[in-house]
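The structure appears below as structure tokens.
Quick note on labels: first sequence line is chain A, next is B, and so on, each numbered from 1. Owing to the predicted nature of the structure, the values given are computational and were not obtained by experimental measurement.
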Amino acid sequence: MNQSLSINDLHVSVDGTEIIKGLTLDIPKGEVHAIMGPNGSGKSTLAKVLAGNEEYEITGGSVLMDGQDLLGMEIDERSRAGLFLAFQYPHEIPGVSNANFLRAALQARLPKGEEIDAVAFYKQMYARMDELEMDRKFTGRSVNEGFSGGEKKRNEILQMMMLEPTYAILDETDSGLDIDALRIVSQGVNAMRSPERGFLVITHYQRLLDYIVPDKVHVMFDGRIIRSGDKELALELEEKGYDWVKEELAA
Amino acid sequence: MPHDNATLEAVSIDQSEGNFSFPEAYSFDAGYGLSETVIDYISDAKQEAEWVRDFRKRALKIFLDKPMPTHWASKDLENIKFDEIRYYLAKGQRPTRSWDEVPDDVKQTFERLGIPEKERKFLAGVEAQFDSEAAYSNVKEELEKQGVIFVNSTEGLREHPELFRKWFGKVIPTGDNKFSALNSAVFSGGSFIYVPPGVKVGHPLQAYFRINAENFGQFERTLIIVDEGAEVTYMEGCTAPKFETATLHSAVVELVAMKDAKIQYITVQNWSNNVFNLVTKRGLAHENAEIRWIDCNIGSRLTMKYPGVIMKGRKARGEVISIALANDGQHQDTGAKMIHAADETTSNVVSKSISVGKGRSTYRGQVHIPKHLKGCKNNTECDALLINSQSRTDTYPAITVRGNQHATQHEASVSQVSEDQIFYMQQRGLSEAEAMSLSVNGFVNDLVREFPMEYSVELKRLIDLEMEGSVG
């Protein structure tokens with residue numbers, strides 16, 4: 001069985017407009033792939049489609065996660081099967097504490113009738129929060145409510161660390177982070193790197209990739225991957241700007 | 001072990017927890033419809049004093065004369081068929097103090113609803129009413145020694161007429177509304193509680209109201225008198241099976257808190273959705289007394305209930321905390337009445353409603369502070385949550401504040417669980433129903449904390465069950 005998140009000739013439309021136009025990408029376990037691209041190239045759409053957002057219509061192609069047909073699964077099934085999306089704009093859940101939310105998410109992964117071990121849960125959560133330099137008071141606060149941009153992003157990484165996904169998609173996790181927060185969040189991600197886990201890091205800027213060094217870099221433009229390379233490609237992009245790839249493409 | 005199977009079954013088929021009934025076997029049945037004859041039948045069955053019989057007959061006249069309040073309330077009231085209801089059904093037994101002596105079908109009913117277990121765990125006393133009369137009634141011995149009275153209203157009238165009569169119908173006069181008049185005519189069951197001066201009842205007293213028979217009306221009458229400096233928490237739970245025809249539940253509850261007394265009255269109702277639940281509840285708070293209504297309304301076809309507090313003594317405090325959940329085919333018309341009648345009185349109303357599917361919730365609040373008073377305060381907050389676009393919520397606050405030496409505050413909000421929020425939660429592995437439940441529980445979370453622990457757990461479970469069938 002193919003141990004990868006494998007996207008093949010994916011076509012996606014919203015309200016009749018095609019946004020992803022035949023995208024092919026293979027992320028093997030153990031690797032970190034970065035997608036860069038200008039605004040409007042379809043990066044965030046790709047992230048939401050992989051997670052199962054129903055606003056988008058899939059008009060062609062396939063996505064296999066370790067050989068399983070991802071597109072045939074419900075949103076929550078995908079999550080429980082090991083797919084995680086760190087949101088660009090994490091939602092608030094008024095009245096539901098961070099700890100209870102995490103607990104419910106972990107509980108949803110257990111067979112019916114089995115209860116999670118509360119003591120072990122808190123111990124693990126506190127350890128992860130320490131790594132992310134998050135204050136303990138965040139356990140009792142409502143999910144993302146009144147959090148600053150940086151606190152929300154840290155919270156996303158905390159959830160990722162607790163849920164231990166097989167494939168994690170980080171959608172512009174660096175946006176809105178100051179340099180300290182960027183360092184901490186990146187440390188968290190790096191600590192999660194493992195031969196058993198694949199990452200898709202979506203970003204607009206090269207800066208994040210100084211901290212989370214990718215195995216592969218892809219440039220996305222107008223709904224397709226137009227160029228792939230190693231981490232040097234990101235530096236080249238930074239130097240020459242997106243117009244460079246656009247011009248190359250036009251030529 | 002058939003009994004254990006039944007228990008297991010009751011636990012695992014939560015969705016229809018209250019949805020079972022036993023065949024009818026009544027010694028007393030007043031028959032269908034309402035008339036003086038029916039009232040005589042009830043009075044005879046209960047062997048009541050003449051003044052009670054007269055009280056009932058006067059009430060019947062008032063009921064018949066009063067129009068339905070359809071000029072402001074739901075037209076659905078017109079669908080109540082008063083002629084097709086039986087007003088009194090009883091087995092002719094006095095309530096026992098031991099579950100062993102309770103008739104089998106009744107005992108099994110309450111066992112399936114978990115009442116004896118709760119009693120063992122955390123209650124100071126229990127009264128269990130089956131249709132018109134209490135089947136079981138017991139209060140811990142040490143409370144009895146302190147002079148605490150906890151009996152059903154039939155027994156209260158018979159054994160303690162001097163206490164009963166002094167306050168009976170004084171907080172809620174017969175003619176307060178059409179349904180308080182109906183209750184006054186045919187009332188049966190409900191609790192009578194008296195707590196002597198200075199006695200603080202540590203654990204809650206619990207009453208459980210169960211409708212078993214079809215085409216039946218339950219009209220319990222509760223009167224709670226808490227004397228100077230005394231305290232009590234009373235909890236009531238209600239269920240009924242799902243019948244083909246509509247059932248009527250119309251209670252009257254009067255509370256009297258003397259100087260420095262505290263009463264906390266907690267309701268968790270989970271009626272099946274063919275019950276018309278039309279209840280009048282009001283408390284009278286004397287100097288520095290406190291009355292809190294904590295009310296959770298789940299189920300029923302139409303609930304109309306506006307618990308109130310009349311703050312009659314200086315520094316009296318009144319509070320209504322309510323949660324209402326209206327699902328498909330249900331209308332929760334709830335609210336609060338705060339009548340300030342002395343200086344420096346304080347009232348607080350916090351109401352949260354959830355409308356699911358085609359469910360409808362309405363908040364009606366009345367706050368009255370007259371001109372001649374000083375230093376009164378009211379805070380009113382009502383928040384509504386809509387689960388989808390077909391649900392509906394309305395808010396009708398009426399705050400009458402005269403004079404300029406008072407502080408009032410009113411906040412209202414309507415919010416909706418967004419698809420994005422559900423998507424976010426599902427992405428973490430929760431099913432759509434689990435995500436909905438968690439969102440709804442989050443919305444009412446700060447109020448659920450006001451319920452005793454055992455009840456907040458039950459409440460959370462009831463909300464989960466309501467949400468389970470509401471998505472898809």
(request) Grab the two heavy atoms, one from A:Ala105 and one from B:Arg428, that are nearest each other, plus how far apart they are. (result)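 Closest heavy-atom pair between A:Ala105 and B:Arg428: CB-O, 3.4 Å.
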(message) Can you give me the closest heavy-atom contact between A:Ala104 and B:Leu438, atom names plus distance?
(response)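 It is CB-CD2, 4.1 Å.
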(message) Counting only non-hydrogen atoms closer than 4.5 Å, does A:Leu163 touch chain B with its backbone (N, CA, C, O), its side chain (CB onward), both, or neither?
(response)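 Just the side chain, heavy atoms under 4.5 Å.
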(request) With a 4.5 angstrom heavy-atom cut-off, could you sort out which part of A:Pro90 is near chain B: side chain, backbone, both or neither? (result) both
(message) Using a 6.0 Å cut-off, check whether atom CG of A:Asp69 has over 12 heavy atoms from anything other than its own residue.
(response) yes
(message) Other residues, nucleotides and ligands only: do more than 12 of their heavy atoms fall within 6.0 Å of OH on A:Tyr126?
(response) yes
(request) Determine which pairs satisfy salt bridge (Lys or Arg N to Asp or Glu O under 4.0 Å) with at least one residue from residues 76-98 of chain A, sequence neighbours left out, and list them in order. (result)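 Found A:Asp76-A:Arg80, A:Glu92-A:Lys152.
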What part of [X] gets closer than 4.5 Å to chain A, counting heavy atoms only: side chain, backbone, both or neither?
{"X": "B:Gln421", "value": "both"}
{"X": "B:Phe423", "value": "both"}
{"X": "B:Asp446", "value": "neither"}

(request) Please examine the side chains of B:Leu430 and A:Phe101, heavy atoms only from C-beta on, and report whether any two atoms are closer than 4.5 Å. (result) yes
(request) Side-chain contact test, heavy atoms from C-beta onward, threshold under 4.5 Å: evaluate it for B:Met425 versus A:Ser79 and give yes or no. (result) no
(request) Would you check, one step at a time, whether the test side chain to side chain donor-acceptor pair (under 3.5 Å) holds for B:Tyr424 with A:Asn144? (result) CA-CA 12 Å; B:Tyr424 182 67; A:Asn144 297 326; 3.2 Å; yes
(message) Enumerate the ring pair (Phe, Tyr, Trp, His ring centres under 6.0 Å) contacts for residues 129-158 of chain A, please, sequence neighbours excluded, ordered by first and then second residue.
(response)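 As it turns out, the ring pair (Phe, Tyr, Trp, His ring centres under 6.0 Å) pairs with a partner in residues 129-158 of chain A, which skip direct neighbours, are A:Phe138-A:Phe147.
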(request) Pick whichever of A:Asn100, A:Val96, A:Asn53 has the most heavy-atom pairs under 4.5 Å with chain B. (result)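 Answer, by heavy-atom pair count under 4.5 Å with chain B: A:Asn53.
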